[in-house]
Number of protein chains: 2
Amino acid sequence: MGDGREELLPQPDIQDIQLEKVLQALGDPVRLKLLAIYAREGEQCDCDPRRFGLQHLHKSTVSHHMKVLRDAGVTSTKVVGRNRHVRLRREELDERFPGLVDVLLASLDAQAGV
Amino acid sequence: MGDGREELLPQPDIQDIQLEKVLQALGDPVRLKLLAIYAREGEQCDCDPRRFGLQHLHKSTVSHHMKVLRDAGVTSTKVVGRNRHVRLRREELDERFPGLVDVLLASLDAQAGV
DNA sequence: GGGATTGTTGGGCGATCGTCAAACAGTTCC
DNA sequence: GGAACTGTTTGACGATCGCCCAACAATCCC
């Protein structure tokens, strides 16, 4: 029933985002990589593992990681046709935990030796 | 053999501290609380659960959490007599991941509504 | 409609996690 | 030496995790 609607997958409200859940969600190599990708590439990314160097993971596994990030409040997912457009909830995270996303991304860069 | 030595329990070198491990270590309510305590109260804290509002946890459980934090590079533990003096490795963490500890502590305060 | 595409859901599996309990080791003090 | 104290280690338990596979649902396109 392709009526052109763009539906948002369920996600927590800003005030319900818990630091513990965010850290737990990001304490995983795949999801930490996804964070970096979404921060750099923005909204137009979807779940296609080939684009993310996640070829080795089953599509359902990637879908699972996306759900963890979404449930923790890190990302927002919009249903567009057959695809999912995922973006970092940067403004909201910046409002709730100022500087957190920036520091995490900088830490990732520092660790990679950039 | 109380010869007055102060031995350091094994801990990773600065450059071996992994962001993923740090986030994983802190993605737990008990260890997040321990982080806040060490940041506020400093070195003279030891493992006594009564002082931390951790009365409900067995001493071996607390010991386990301390080891996780130490192995992740978050804390440093010095053996002093029968006690362990635990401190946040703040300078080293600030060097490796600038701003991370500050942001985490501020996020904890923000979440608590301070 | 029918096939192809994209992603979710549910089940299952081995690994890890958080917890407790019991045993152990080192230190302090009598 | 021996008792008390502090914390670690080991083993066990249920719960959760990360992963895959198969089945399903929704969409797009012919």
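Residue numbers begin at 1 in each chain, while the letters A, B, ... track the order of the sequences.
- Side-chain contact between A:Leu100 and A:Val103 is absent, with no heavy-atom pair separated by less than 4.5 Å.
- The line from CZ of A:Arg84 to OG of A:Ser63 is 8.0 Å long, rounded to the nearest 0.5 Å.
- Taking every side-chain heavy atom of B:Arg82 into account, C:dT28 is the closest of C:dA23, D:dT27, C:dT28.
- Rounded to a whole Å, the CG atom of A:Leu54 is 16 Å from the P atom of C:dT6.
- Here C:dA25 presents its P atom at 14 Å from CZ of B:Arg84, a figure rounded to the nearest Å.
- When rounded to the nearest whole Å, the span between CG of A:Leu34 and P of D:dG18 equals 12 Å.
- To the nearest angstrom, P of D:dG18 lies 10 Å from CD of B:Glu20.
- Between A:Gln24 and A:Gln18, the closest side-chain pair of non-hydrogen atoms is not below 4.5 Å.
- Rounded to a whole Å, the CE atom of A:Met66 is 16 Å from the C1' atom of D:dG18.
- A:Leu69 places none of its side-chain heavy atoms less than 4.5 Å from the side chain of A:Val86.
- Here A:Asn83 does not reach the OP1 or OP2 of D:dT27: none of its side-chain N or O atoms lies under 4.0 Å away.
- With respect to B:Asp102 and B:Arg90, a salt bridge is recorded, a charged nitrogen being found less than 4.0 Å from a carboxylate O.
- The phosphate of D:dT8 has OP1 or OP2 within less than 4.0 Å of a side-chain N or O from B:Arg70.
- Looking at B:Val74 and B:Val101, their side chains never come closer than 4.5 Å, going by heavy atoms from C-beta outward.
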Short N/O separations, protein against nucleotides 13-19 of chain C, under 3.5 angstrom:
| residue | atom | partner | partner atom | Å |
| --- | --- | --- | --- | --- |
| C:dC17 | OP1 | B:Gln24 | NE2 | 3.3 |
| C:dG18 | OP1 | B:Asp28 | OD2 | 3.4 |
| C:dG18 | OP1 | B:Arg31 | NH2 | 2.9 |
| C:dG18 | OP2 | B:Arg31 | NH1 | 3.2 |
| C:dT19 | OP2 | B:His65 | NE2 | 2.3 |

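- If you measure from atom CG of B:Leu69 to atom P of D:dG7, you get 16 Å, rounded to the nearest angstrom.
- We find that NZ of B:Lys59 is positioned 11 Å from C1' of D:dT9, with the value rounded to whole Å.
- In this structure, the separation between CZ on B:Arg96 and CD on B:Glu92 is 11.5 Å, given to the nearest 0.5 Å.
- The NZ-C1' distance, from A:Lys33 to D:dG18, rounds to 16 Å in whole Å.
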